[in-house]
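Any value given below was found using the heavy atoms of this structure, including those in side chains, with hydrogens, waters and symmetry copies removed.
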Amino acid sequence: MASQEISEKDCYSVTWYVNNFSYCWQKKDEAIASPIFSIFVPEETKWKLLLFPRGTRNGNSIAFFLHREQDCNGAENVEIEYNLEILNVDGSIIRNSEIKYTFRKNRRWGCPMFLKRNSVLEKSRTKYLPQDILTIRCRIKRLDEKSVEMRQIFARTSINVEKWSLLWAIDDFSNLTPDQKKCLVIKSASNDELIKIDIFLTGGQCFEEKINLNIHPTDRCMKFFTLQTFLTNNIEEIKIDSGKYETWREFREFSTFPLTLSRNKLMKNGYLYLPNDVLTLRLDFAISTGFSFEGVTKIDFGTILHETTNEVRGNVQRCNVEEKVTEDSCTLITDLMSLYNDQNLGDVKLETKTSVFPAHTTILSARSPVFRAMFSADMKEKLNGSVDVSDLDDETVRQLLLFLYSNKLQELKWEDALRLYDAADKYEITSLKDRCSYFLKGNLNLKNACEALILSDLHHDEGLKSTVQDFIMKNAEEIFKSEGWKLLADNNPKLALETALRNWTEK
């Protein structure tokens, strides 16, 4: 345990909001990861927070860890003091654990039993989950007396949840036999099948006849869902809880959910529960289909390095970047990636120096005006069914196609972002260029700032250029002594002078 509480004045702070926490689909020992952040510049040690909604050892606990990334610079062992905290809506600390630990690369340490699930989700829900948002914070202090700027980063992970209620009337209920099933099919607004439910009986003769539901998830995007059932009628407006069910069953797999009410009990008061021999159930569904947003929403007091495990979002100037992934768009992405992975259906090939990548002219044309021009006229690319992209490496083409088909990026690194930025600009894919620009802004450091400045100037990206110049001037004492700056001043003295005079011209 740490010897004393970490002061906010001498630490690095990460506040992470998890929206719709109740609908986390992760099983035991499965984590939600925060965006990656870097501290102790210029060493660039990379870290992330890991939240296990169902614990690592005990499914009734919530675990919370700090993790040091494998892919990072800095000393092999870094000793830090840090606090893991749960915050109330007013910012006060509800739960706190102070830890001192020496981190090696690819190592996590924290609290495997940080919170009890039933306390968070039931007993003290209003305290821990106002509006179903769990707010956690990690404050970090280095113990080797190296100076660290005070920085505060705010990140958010939002789980996409679809909710709806419906009434299901089962006619002629008293004559339902154990070998019979009645089916309900639930469809989305676009007429896609989401869930199929069968109602049937078990038991009989000497035993009570139990009412069961077979639940078949049929939506590929469904990660986890809850079903709350109530018995109701249209006469006295009764509403009796008949059971709650939750599952993260895989696509096309079904599970059985017994209601808490038996048919024997219902028949005894049939006039009340079964008017006109109709059993009426109210079904309240909540379905999580994945993350609707993952990323950094605000950074205070300086530049910070960050990225997400899937897509990079965020800007150093308190920039809010949010991208919704709805149920319909999730299905669309799944279908387009299926089309991309089925290489037999491609009608064009992108050829690098070492590999060939099948693709579809319609997709490329829809996403890039340059590709559209190629395939609309009788150019050699259209006639030959191939596009020469030998100026791009294989990984850049793979990432480029992934983005064109799914609008996603995976595990982006600095060099990847530079090459993708060039490709996006060449083929006029504005959304990809913006995404790479956001990544570059968020991952500036003392070593790569000059490289980013040259790129922004070459591509006339004023937003990126302004951010890089601000970063350089805030760290002028270190950067002006670097080899990168000397090289920049020799090769592009006009740009170097413009940057160096930036503070004066603004005044």
Side-chain angles (χ1 to χ4, degrees), residues 38-46 72-74 146-149 151 299-307 312 314-319 321 370 389-393 395-396 399-400 412-507:
S38 295
I39 54 179
F40 316 137
V41 174
E43 292 177 308
E44 297 182 33
T45 55
K46 295 184 180 180
C72 70
N73 299 321
K146 290 189 177 182
S147 60
V148 178
E149 285 186 312
R151 293 175 182 169
I299 303 169
D300 286 341
F301 307 106
T303 305
I304 187 64
L305 312 179
H306 60 270
E307 60 186 69
V312 180
N315 192 351
V316 295
Q317 299 298 326
R318 302 188 181 185
C319 178
V321 183
V370 175
V389 290
S390 56
D391 58 325
L392 305 179
D393 65 283
E395 178 60 20
T396 299
Q399 287 268 29
L400 176 68
L412 201 62
K413 298 179 181 179
W414 180 264
E415 294 300 325
D416 297 333
L418 293 177
R419 290 190 287 265
L420 267 177
Y421 185 99
D422 281 327
D425 192 49
K426 176 181 178 181
Y427 294 104
E428 298 180 19
I429 308 169
T430 305
S431 55
L432 177 58
K433 183 179 177 182
D434 289 344
R435 195 77 62 83
C436 293
S437 180
Y438 283 129
F439 176 85
L440 296 173
K441 291 173 184 177
N443 285 270
L444 290 171
N445 62 47
L446 302 179
K447 295 179 181 179
N448 62 30
C450 294
E451 185 178 30
L453 181 60
I454 294 171
L455 181 79
S456 65
D457 186 63
L458 180 64
H459 292 277
H460 308 289
D461 187 337
E462 294 302 321
L464 176 59
K465 184 177 180 179
S466 176
T467 298
V468 177
Q469 288 178 326
D470 286 345
F471 178 86
I472 289 174
M473 294 312 299
K474 287 177 182 177
N475 299 276
E477 184 176 349
E478 295 89 349
I479 292 178
F480 284 176
K481 297 176 183 178
S482 69
E483 291 299 321
W485 181 260
K486 293 176 183 177
L487 188 62
L488 171 65
D490 289 340
N491 296 330
N492 197 336
K494 181 179 178 181
L495 179 60
L497 181 61
E498 174 192 334
T499 303
L501 295 177
R502 182 174 177 81
N503 286 355
W504 295 99
T505 54
E506 286 185 351
K507 290 180 180 179

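- Judged as a salt bridge (charged side-chain N to carboxylate O under 4.0 Å, His left out), and not counting sequence neighbours, D434 has no contacts.
- Note that CZ of R435 is 13.0 Å distant from CG of L440, once rounded to the nearest 0.5 Å.
- Residues passing the salt bridge (charged side-chain N to carboxylate O under 4.0 Å, His left out) test with E483, sequence neighbours excluded: K486.
- Take D422 and apply the side-chain hydrogen bond (donor to acceptor under 3.5 Å, both in side chains) test, not counting sequence neighbours, and it matches H459.
- Here the CZ-CG distance, from R419 to D391, works out to 12.5 Å after rounding to the nearest 0.5 Å.
- Under the rule for a side-chain hydrogen bond (donor to acceptor under 3.5 Å, both in side chains), S482 has no partner lying at least two apart in sequence or in another chain.
- Under the rule for a side-chain hydrogen bond (donor to acceptor under 3.5 Å, both in side chains), E478 has no partner lying at least two apart in sequence or in another chain.
- Scanning for side chain to side chain contact (heavy atoms under 4.5 Å, CB included) contacts around L392 gives V389, T396, V397, A423, Y427, with sequence neighbours left out.
- Between F439 atom CZ and Y421 atom OH the span is 14.0 Å, to the nearest 0.5 Å.
- Residues satisfying the ring pair (Phe, Tyr, Trp, His ring centres under 6.0 Å) criterion with W485, sequence neighbours excluded, are F480.
- Partners of D457 under the side chain to side chain contact (heavy atoms under 4.5 Å, CB included) rule, at least two apart in sequence or in another chain, are K465, N492, L495.
- A distance of 10.5 Å separates CG of L444 from NZ of K474, quoted to the nearest 0.5 Å.
- With sequence neighbours excluded, the residues forming a side-chain hydrogen bond (donor to acceptor under 3.5 Å, both in side chains) with Q469 are E498, T499, R502, listed by chain and number.
- Taken from SG in C450 to CG in N491, the straight-line distance is 11.5 Å, to the nearest 0.5 Å.
- Considering only residues two or more places apart in sequence or on other chains, D461 meets the salt bridge (charged side-chain N to carboxylate O under 4.0 Å, His left out) condition with none of them.
- To the nearest 0.5 Å, the span separating NZ on K447 from CD1 on I479 amounts to 12.5 Å.
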